[in-house]
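Worksheet for the structure shown next.
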Amino acid sequence: MGYWDMAASMVTHNAIDREMFLAAHTEIIGAFSKVHPFLAQIRERQGPLVLANVEKVVMSIPDAEGEMARRRARLKGLFDARQTSKSA
């Protein structure tokens with residue numbers, strides 16, 4: 001996540017165009033979707049600015065909450081399918 005926060009900081013400081021960045025780096029959404037449910041706990045331990053740049057970039061996407069929920073569901077489906085195939 002440190003890499004993504006550094007990369008997102010280039011967007012939040014206008015060094016890279018947001019649209020161009022998101023066109024090439026949608027993985028940031030999937031990565032943030034994994035930690036987003038735990039963001040408050042992470043910030044309690046590591047400080048209030050942890051992942052602030054990632055959050056700004058990802059949450060600027062239309063329907064960011066919905067997109068993250070869809071990605072979490074897709075990841076869970078892949079995980080469940082893998083577990084099922086291991087048990088078979």
Practice task
Please confirm whether the backbone N or O of S33 pairs with a side-chain atom of R72, one donor and one acceptor, at under 3.5 Å?
Solution key: yes
Handout entry: M1 vs D5 side-chain heavy atoms within contact, under 4.5 Å
Key = no
Fill in the blank from the handout: Shortest non-hydrogen pair, F21 vs A8, comes out as CZ-N, 4.4 Å
Practice task
Find out if a path of hydrophobic residues (ILVMFWY) with successive side-chain heavy-atom gaps under 4.5 Å connects M20 to Y3.
Solution key: yes
Handout entry: salt bridge (Lys or Arg N to Asp or Glu O under 4.0 Å) between R43 and E55, worked out
Key = CA-CA 12 Å; R43 287 182 173 160; E55 182 178 32; 2.7 Å; yes
Handout entry: Distance in Å, E27 CD paired with R71 CZ, rounded so as to fall on 0.5 Å steps
Key = 9.5 Å
Problem - Electrostatic pair D63-R70, nearest N-O below 4.0 angstrom - result: yes
Fill in the blank from the handout: Partner of S9 under side-chain contact (heavy atoms from CB on, under 4.5 Å), picked from V57, N53, I16, is N53
Problem - Any donor-acceptor pair under 3.5 Å from R18 side chain to V11 backbone - result: no
Practice task
Quick one: do R82 and L78 satisfy side-chain contact (heavy atoms from CB on, under 4.5 Å)? Show the steps, please.
Solution key: CA-CA 6 Å; R82 186 178 212 181; L78 291 170; over 6 Å; no
Handout entry: Inter-residue atom distance L51.CG - L39.CG, 0.5 Å rounding
Key = 6.0 Å
Problem - Whether S87 side chain and Q83 backbone form a donor-acceptor pair below 3.5 Å - result: yes
Handout entry: Distance, nearest 0.5 Å, that separates CE of M68 from CD of E65
Key = 4.5 Å
Exercise for the section: Report yes or no: do M59 and L49 belong to one cluster of Ile/Leu/Val/Met/Phe/Trp/Tyr joined by side chain heavy-atom distances under 4.5 Å? Expected result: no
Exercise for the section: Please name the pair of heavy atoms, one in E19 and one in D17, separated by the smallest distance, quoted to 0.1 Å. Expected result: N-OD2, 3.2 Å
Problem - ILVMFWY cluster, L75 and V54 together (side-chain gap under 4.5 Å) - result: no
Problem - Distance, nearest 0.5 Å, that separates NE2 of H36 from CD1 of I42 - result: 10.0 Å
Handout entry: Verify same cluster id: F79, F32 (apolar side-chain graph, 4.5 Å)
Key = no
Practice task
Look up atom CH2 in W4 and atom NE2 in H25, then write down how far apart they are to the nearest 0.5 Å.
Solution key: 6.0 Å
